[in-house]
Number of protein chains: 2
Amino acid sequence: MTPAQTAEDAADDVTRVAVSTVIFSLRRESDSPTLVLPLVRRTRDPYEGLWALPGGWLDGAESLDAAASRTLSETTGLAPSYLEQLYAFGAVDRSPSRVVSIVYWALLRADAASTELIDRTKDAPDSATRNAPASALENTGWFDAASLPRLAFDHNEIVDYALWRLRNKVGYSRIAHGLLADEFTLADLREVYESILGRRLDPANFRRQVENSGTLIPTDRFRTGSHRPARLYRYNRDVELAERGPLSVRH
Amino acid sequence: MTPAQTAEDAADDVTRVAVSTVIFSLRRESDSPTLVLPLVRRTRDPYEGLWALPGGWLDGAESLDAAASRTLSETTGLAPSYLEQLYAFGAVDRSPSRVVSIVYWALLRADAASTELIDRTKDAPDSATRNAPASALENTGWFDAASLPRLAFDHNEIVDYALWRLRNKVGYSRIAHGLLADEFTLADLREVYESILGRRLDPANFRRQVENSGTLIPTDRFRTGSHRPARLYRYNRDVELAERGPLSVRH
DNA sequence: TCAAAAGTGTTTCACTTACACCCATGA
DNA sequence: TCATGGGTGTAAGTGAAACACTTTTGA
């Protein structure tokens with residue numbers, strides 16, 4: 001009954017509640033940035049050795065939201081910039097014992113993601129799509145969301161669904177800002193949209209759309225680099241990343 | 001540990017999983033139709049006497065979807081035309097004992113709703129907003145969604161959230177058809193939208209929009225009545241009521 | 001001075017909105 | 001015949017898409 005590294009570990013035959021999280025972040029390397037997510041390697045029996053979503057058992061004295069934050073922090077050390085409940089998965093055969101998983105999905109700012117895990121994996125890359133586990137935090141690693149290996153339980157389907165929700169939500173909310181640091185250029189923001197949606201966007205039209213949306217605050221600073229300097233913007237925190245209706249009062 | 005009439009009944013101090021459903025239907029009386037939903041009166045201690053959402057405990061051998069259908073049928077005898085998971089509610093203090101509620105929301109066709117419950121309540125109306133319980137199905141009754149009494153647990157918030165989701169989804173999906181019988185006129189369909197959205201829609205523009213959406217199949221039949229007969233349509237079942245992404249393969 | 005990204009202007013097109021108008025029926 | 005909802009036509013408005021164009025920097 002002790003909290004496990006990932007959600008589903010059998011005990012007795014009562015149905016138990018686990019909480020897991022799909023955390024997306026953006027890795028900027030090579031040409032275009034790619035969506036990545038942290039996984040945890042299972043160290044006990046159901047699906048031992050396979051990678052799984054970070055999570056753990058719901059504690060009796062905490063809310064679902066709190067459990068998502070806690071288990072995410074315990075297993076990966078990460079603190080997301082956006083966290084939202086995704087879905088409750090409860091197929092009978094999804095685990096040897098009966099487990100209902102309340103799954104959250106989250107976004108991590110690019111600066112927060114690079115510190116904890118990615119930096120420590122540089123010295124032992126042993127696969128095309130994955131980096132070696134970061135030793136300090138047990139068996140964790142970042143994976144390309146577009147080419148995952150076979151995961152434990154029904155976690156492949158869960159990630160697919162989370163990706164679908166992310167792509168949907170990017171179309172009608174300002175959620176993409178959750179993947180960027182405080183200051184960013186319009187090209188940065190556009191790259192986020194492009195890598196999530198999987199298609200190029202017209203820079204001119206993109207600029208007008210976000211400028212008219214009222215979510216950006218221009219700063220006086222510029223990013224100087226190869227060509228004409230680009231103005232840096234910051235996110236207008238008065239605007240919610242996503243409209244959540246009556247649920248936004250909780251939290 | 002026997003299934004209860006509504007979801008949250010205490011037993012011991014382990015966290016348990018309940019499944020409840022917010023079922024919307026449309027009552028066509030007076031001038032404009034109103035959204036109604038069935039509630040169940042609690043017959044035991046936490047919140048005894050108050051009305052609550054129909055639901056019950058998750059059985060160890062059934063999926064969440066199946067549990068929603070089963071408990072809905074057991075408590076109200078209703079079979080919805082649309083069923084979708086709404087949210088998992090798990091605040092620590094939402095019930096005396098620890099209960100995580102997986103809440104679904106559903107739509108009921110107007111013809112299905114009128115048979116079971118409404119007809120039997122005509123003889124004993126004792127409140128402005130509610131009808132007396134239908135005797136054959138214990139303590140159940142239909143309520144106007146816009147003016148609910150105080151409900152058990154956090155069920156008022158849950159209904160608010162379900163209403164928000166319904167209104168949202170009506171804007172970008174064909175879900176409103178789930179409230180109508182097989183054949184309907186464009187005025188019928190427009191009334192559904194109007195009563196959910198709470199505003200009038202231009203009949204001419206509404207007609208063009210749904211005609212161009214490809215979701216309607218015109219029949220040769222007409223509804224004759226007061227004025228010019230209106231063509232009857234039926235729903236094109238090749239089109240999903242709502243896009244659900246990777247989740248639509250389950251079920 | 002040249003390549004390339006930053007940023008502006010303009011046209012086109014699709015779709016919504018508003019509303020005038022005709023059609024068909026029961027009373 | 002007339003009131004009323006069913007159904008069609010059409011012009012204005014809005015915003016996205018496409019793309020030509022100017023600006024500003026590093027090399």
Side-chain angles (χ1 to χ4, degrees), chain A residues 28 30-33 167-174 176 180 183-235 239, chain B residues 28-33 167-174 176 180-181 183-235 239:
Chain A
R28 331 176 48 81
S30 67
D31 44 345
S32 64
R167 277 191 254 268
N168 255 1
K169 204 137 194 167
V170 141
Y172 62 85
S173 77
R174 298 296 146 200
L180 290 175
E183 295 196 333
F184 50 87
T185 67
L186 286 177
D188 292 337
L189 184 58
R190 181 165 47 84
E191 273 188 337
V192 174
Y193 278 87
E194 287 177 342
S195 55
I196 293 176
L197 297 175
R199 60 189 169 91
R200 315 293 287 181
L201 301 175
D202 184 308
N205 296 330
F206 181 81
R207 162 183 300 273
R208 269 179 295 252
Q209 281 176 18
V210 304
E211 275 177 347
N212 295 339
S213 74
T215 55
L216 290 195
I217 300 173
T219 72
D220 293 337
R221 311 205 324 118
F222 288 80
R223 173 174 306 162
T224 174
S226 45
H227 300 295
R228 173 173 174 176
R231 183 180 295 276
L232 288 168
Y233 292 81
R234 57 175 56 248
Y235 183 70
V239 187
Chain B
R28 329 176 50 80
E29 63 183 22
S30 66
D31 45 345
S32 63
R167 278 192 253 267
N168 256 0
K169 206 135 195 169
V170 141
Y172 63 85
S173 77
R174 298 297 146 201
L180 290 174
E183 296 196 333
F184 49 86
T185 67
L186 286 178
D188 291 338
L189 185 58
R190 180 166 47 84
E191 274 188 337
V192 174
Y193 277 87
E194 286 177 342
S195 55
I196 293 175
L197 297 174
R199 59 188 169 90
R200 314 293 285 181
L201 301 175
D202 184 308
N205 297 329
F206 181 81
R207 162 183 300 273
R208 269 180 294 252
Q209 281 178 17
V210 303
E211 274 176 349
N212 294 340
S213 73
T215 55
L216 289 194
I217 301 174
T219 71
D220 293 337
R221 313 205 321 120
F222 289 79
R223 172 174 307 159
T224 173
S226 44
H227 300 294
R228 174 174 173 176
R231 182 179 295 276
L232 288 168
Y233 292 81
R234 56 175 57 247
Y235 183 69
V239 187

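All chains are named by letter (A, B, ...) in the order of the sequence lines, taking the proteins before the strands, and each is independently numbered beginning at 1. Remember, it's a predicted structure, so these values are computed and weren't measured experimentally.
Pairs passing the side chain to side chain donor-acceptor pair (under 3.5 Å) check and including a residue from residues 218-229 of chain A, sequence neighbours excluded, read A/E183-A/R221, A/D188-A/R223.
Between the P atom of D/dG15 and the CG atom of A/L201 lies a distance of 19 Å, rounded to the nearest Å. If you measure from atom CG of A/N212 to atom C1' of C/dG9, you get 14 Å, rounded to the nearest angstrom. A straight line from CG of B/L186 to C1' of C/dA24 spans 16 Å, rounded to a whole angstrom. B/R223 has its CZ atom 16 Å from the C1' atom of C/dG26, to the nearest Å. Rounded to whole Å, the distance from CD on B/Q209 to C1' on C/dA18 is 13 Å. Atoms CZ (A/F206) and C1' (D/dA17) sit 15 Å apart, rounded to a whole Å.
Below the 3.5 angstrom threshold, one finds no donor paired with an acceptor across the side chain of B/R208 and the base of D/dG7.
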What does the list of N/O pairs under 3.5 Å between the protein and nucleotides 20-27 of chain D look like, with a distance for each?
from, atom 1, to, atom 2, distance (Å)
D/dT23, O2, A/R228, NH1, 2.6
D/dG26, O4', A/S226, O, 2.6

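When distances run from any side-chain atom of B/A230 to the nucleotides D/dG9, C/dG7, D/dG7, the shortest one goes to D/dG7. With C/dC19, D/dA17, D/dT8 as the candidates, the nucleotide lying closest to the side chain of B/D202 is C/dC19. Nearest nucleotide to the side chain of B/E211, out of C/dG7, C/dA18, D/dT8: D/dT8.
Within 4.0 Å (heavy atoms only), B/R190 reaches sugar-phosphate atoms of the nucleic acid but no base atom. Backbone-only engagement by A/R231 is indicated by non-hydrogen atom pairs under 4.0 Å involving sugar-phosphate atoms exclusively.
Partners of B/N205 according to the side chain to side chain donor-acceptor pair (under 3.5 Å) rule, which considers only residues two or more places apart in sequence or in another chain, are B/R208.
Mapping B/N205 and A/N205 onto DNA chain C by nearest heavy atom places A/N205 closer to the 5' end of the strand.
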